[in-house]
There are 2 protein chains.
Amino acid sequence: MDRRVTKKDDDTSGKERPTLKTLAFMTGLGVTTVSRALKDAPEIGAETRRRVQLVAKQIGYRPNRAGVRLRTGKTNVISLVLDTEREIMSFVSDIIYGVTEVIADTPYHLIVTPYSRSQDPLDPVRYLVETGSADGVIISRTQPNDPRARYMLERGIPFATHGRTDMGLVHPYHDFDNYAFAGEAVRALAAKGRNRLALVTPPVGLTYYGHTVNGFADALSEVGASEVPFNTVSIDHTIEQIRMRTAQLMRRDDRPDGIVSSAAAATLAIVAGIEDAGLKLGRDVDVVSKQSSELLHLFRRELLVVNENFRLAGSELARAVLGWIGGAEPGTLQSLSKPSEVLPYRG
Amino acid sequence: MDRRVTKKDDDTSGKERPTLKTLAFMTGLGVTTVSRALKDAPEIGAETRRRVQLVAKQIGYRPNRAGVRLRTGKTNVISLVLDTEREIMSFVSDIIYGVTEVIADTPYHLIVTPYSRSQDPLDPVRYLVETGSADGVIISRTQPNDPRARYMLERGIPFATHGRTDMGLVHPYHDFDNYAFAGEAVRALAAKGRNRLALVTPPVGLTYYGHTVNGFADALSEVGASEVPFNTVSIDHTIEQIRMRTAQLMRRDDRPDGIVSSAAAATLAIVAGIEDAGLKLGRDVDVVSKQSSELLHLFRRELLVVNENFRLAGSELARAVLGWIGGAEPGTLQSLSKPSEVLPYRG
DNA sequence: CCAATATACTGAAACGTTACAGATTGCCAA
DNA sequence: TTGGCAATCTGTAACGTTTCAGTATATTGG
């Protein structure tokens with residue numbers, strides 16, 4: 001299956017996609033000159049440069065990605081690596097849109113590289129690096145000691161992590177300040193007179209688990225409240241598990257009067273559990289929850305919410321990777337997003 | 001920036017990624033032979049074939065995508081084209097996972113091609129086709145007379161649509177039977193004694209708008225219920241708009257006693273609007289809603305739900321596109337997914 | 001006026017792959 | 001023995017791009 005039409009050499013025809021050769025023929029120059037003129041090389045005369053660029057624009061020339069990639073190794077691809085089973089839904093959607101927003105006016109494409117619970121999270125990253133499938137990688141579910149980040153640093157491939165690491169290594173990241181979130185949540189609950197608080201944590205093992213737990217603990221002692229341990233669930237658990245265990249917890253004598261939840265879906269289950277136990281949100285217990293879309297207040301007005309913007313995260317991560325690819329210092333490509341205030345329902 | 005190391009010709013070295021040349025050197029054969037041996041060409045001796053494949057596996061040879069693409073035009077890419085502003089969140093997430101599930105053990109990569117409200121939806125498709133960026137395309141938000149489908153049919157590029165068209169043209173699709181959904185919803189409401197029903201429709205202009213409206217209308221006359229027109233909103237409207245207009249509707253004397261909603265997020269707003277008007281779900285009015293994740297029953301137990309599986313849609317769409325690429329008849333690559341029963345809350 | 005040098009451009013080679021058109025060998029029928 | 005042919009294998013060219021190592025022409029300095 002050879003795609004060639006008939007032509008042997010120069011294409012004066014009209015239908016085929018224009019290449020450098022087409023441009024060379026049209027301008028009467030060599031392909032080398034055309035190639036350089038298009039990238040503003042200094043050794044090309046100013047007028048020639050303009051002329052070539054004009055013609056290129058007129059006929060809608062676009063460099064052939066395969067040609068560039070084969071010759072230079074540059075893929076013009078950013079890969080987003082996702083856990084297909086545990087990633088938060090709105091996270092996937094929003095982060096993709098955030099990334100595409102940033103790369104929209106660049107030659108970059110976004111490819112989604114999935115992996116599942118059963119695989120080593122390093123697998124997809126190794127694949128990308130070994131096959132040279134991407135110029136930059138974005139990973140999530142970052143761990144304090146993250147083998148993927150370490151691996152990519154060793155191999156020298158630009159990447160950015162959603163969430164920080166804690167390995168003494170410098171790399172671009174974007175993170176939400178979960179320490180601050182947990183602290184604000186605790187203070188908001190304390191302000192409502194709640195002083196026996198439970199925390200539904202992020203997945204154990206991820207960096208922001210630690211941040212959240214620490215923010216929670218520090219604020220507890222700051223406001224003089226006590227913790228009701230609730231370590232049997234995290235937001236990675238199923239709705240049913242969270243619901244059931246919350247109900248169990250709320251039936252105990254020493255039940256909490258305030259709960260902090262790290263994810264919106266978990267919050268739905270928590271509230272269901274609370275109500276299963278015959279208690280009423282806002283009266284017997286208050287709940288502060290992170291959310292990434294403004295839906296929780298439709299669910300129960302009594303909820304207190306803090307917003308996390310995943311689309312922003314996507315944009316920041318894309319900017320970071322592109323920055324690194326462009327030669328910026330990894331250390332300058334780190335950002336931390338502050339939580340909003342704790343918001344009650346308003347009209 | 002030339003990536004070459006030092007070598008001029010044969011690479012007996014170890015570090016570089018193996019190519020056909022590496023394999024040729026190791027096996028003592030020519031690159032042509034190696035190339036054909038790897039794709040089980042009949043004119044290669046059986047033993048040679050096995051030998052080459054063994055060595056290839058041992059050293060972890062993987063064809064260079066840029067080489068293949070440049071030579072053959074085959075990209076091994078499927079592109080998913082998404083509206084970055086109006087697509088349902090869980091749709092994006094689930095459909096991506098559904099697609100990646102199917103292409104996981106193929107050489108295909110998934111790229112996400114976004115477009116926004118301000119652009120012509122044809123733009124991204126045109127880009128993909130003109131630049132030959134993908135072997136297959138998946139589009140959503142399908143219209144009865146869809147210029148994108150027409151364009152791709154003309155250009156002969158394999159694609160599949162989420163939702164059907166109605167142009168008398170044959171192409172692969174996957175669709176949810178929204179006619180049946182609306183009908184089931186109406187019948188379920190009628191069974192609860194509701195007979196003044198309103199419909200919150202899909203976006204006007206999309207094919208499944210028509211299906212839904214027809215299913216609704218046909219079932220209405222079947223059960224002898226009447227319609228309360230509610231054409232001022234669709235599920236594309238904002239939460240606030242839907243909520244406000246639902247509240248307005250529910251304050252009228254001729255308010256409906258049953259509502260059918262085509263999307264979960266809209267349902268949250270509808271319920272909020274109902275309650276804004278001082279009415280109670282399950283007593284004054286019943287609501288049947290489609291949902292794609294099992295969350296609505298946590299929201300209000302009184303809701304009646306019908307499940308739509310977007311992950312399945314993603315898988316089916318991927319299978320359809322791959323099938324077409326593989327030479328199957330487009331007409332055989334169409335599937336319609338039946339709605340679940342209308343489900344009340346249970347325990 | 002000549003040589004040196006800067007300016008503007010160019011052909012060939014290479015990236016890894018596949019298709020085409022041979023090339024080599026062994027075997028069989030005539 | 002020879003011609004033919006099947007079975008295997010191979011070199012070359014081409015896909016579109018960029019880089020290297022030039023070449024040709026004009027400009028400058030002495």
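Letters A, B, ... are given to chains in the order of the sequence lines, protein chains preceding strands, and every chain is numbered from 1.
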* Kindly indicate whether the side chain of A:Thr48 and the base of C:dA8 share any N or O donor-acceptor pair separated by less than 3.5 Å? => no
Spacing between [X] atom [atom1] and [N] atom [atom2], to the nearest angstrom:
X: A:Arg71; N: D:dT18; atom1: CZ; atom2: C1'; result: 4 Å
X: B:Arg65; N: C:dT18; atom1: CZ; atom2: C1'; result: 17 Å
X: B:Asn64; N: C:dG16; atom1: CG; atom2: P; result: 6 Å
X: A:Lys21; N: D:dT18; atom1: NZ; atom2: C1'; result: 15 Å
X: A:Lys74; N: D:dT19; atom1: NZ; atom2: P; result: 12 Å
X: A:Arg51; N: C:dA8; atom1: CZ; atom2: C1'; result: 12 Å
X: B:Arg49; N: D:dT8; atom1: CZ; atom2: P; result: 9 Å
X: A:Leu20; N: C:dC9; atom1: CG; atom2: P; result: 16 Å

Go through [options] for me and flag the one nearest to the [X] side chain.
X: A:Leu70; options: D:dT18, D:dG16, C:dT17; value: D:dG16
X: B:Thr33; options: C:dC15, C:dT18, D:dC9; value: D:dC9
X: A:Thr72; options: D:dC15, D:dT18, D:dT17; value: D:dT18
X: B:Leu29; options: D:dC9, C:dT18, C:dA14; value: D:dC9

Search all heavy atoms of [X] against all heavy atoms of [Y] and return the closest pair with its distance.
X: A:Met167; Y: A:Ala149; result: CE-CB, 3.8 Å
X: A:Ser140; Y: A:Glu87; result: OG-OE2, 2.9 Å
X: A:Asp135; Y: A:Gly73; result: OD1-O, 4.1 Å
X: A:Val99; Y: A:Gly314; result: CG2-O, 3.5 Å

* Asked: Do any of residues 35-47 of chain B sit with a heavy atom less than 4.0 Å from DNA chain D, and if so which?
  -> B:Arg36, B:Glu43, B:Ile44, B:Gly45
* Is any side-chain N or O of A:Thr32 closer than 4.0 Å to OP1 or OP2 of C:dG11? -> no
* Nearest-0.5 Å distance, OG1 of residue A:Thr165 to CG of residue A:Leu169 -> 6.5 Å
* Structure fact -> Overall bend of the helix from C:dC1-D:dG30 to C:dA30-D:dT1 (five pairs an end, 10° steps) is 60°
* **Test: B:Arg319 and B:Glu316 ion pair at under 4.0 Å** => yes
* Lys/Arg-Asp/Glu bridge criterion (N-O < 4.0 Å) met for B:Arg17, A:Glu130 -> no
* Is there a side-chain contact between A:Leu20 and A:Leu38, using heavy atoms and a 4.5 Å cut-off? -> yes
* Asked: Is there a side-chain contact (heavy atoms from CB on, under 4.5 Å) between B:Arg65 and B:Asn76 once you walk through the steps?
  -> CA-CA 8 Å; B:Arg65 310 189 119 234; B:Asn76 284 310; 3.5 Å; yes
* Asked: When the aromatic ring centroids of A:His171 and A:Phe159 are compared, is their separation below 6.0 Å?
  -> yes
* Looking across every strand, which nucleic acid part, if any, lies under 4.0 Å from A:Gly28 by heavy atom: base, sugar-phosphate, or nothing? -> sugar-phosphate
* If you look at every strand shown and take non-hydrogen atoms under 4.0 Å, does B:Gly30 touch a base, only sugar-phosphate, or nothing? -> sugar-phosphate
* 5' precedence on DNA chain D between B:Val34 and B:Gly67 (nearest-nucleotide basis) -> B:Val34
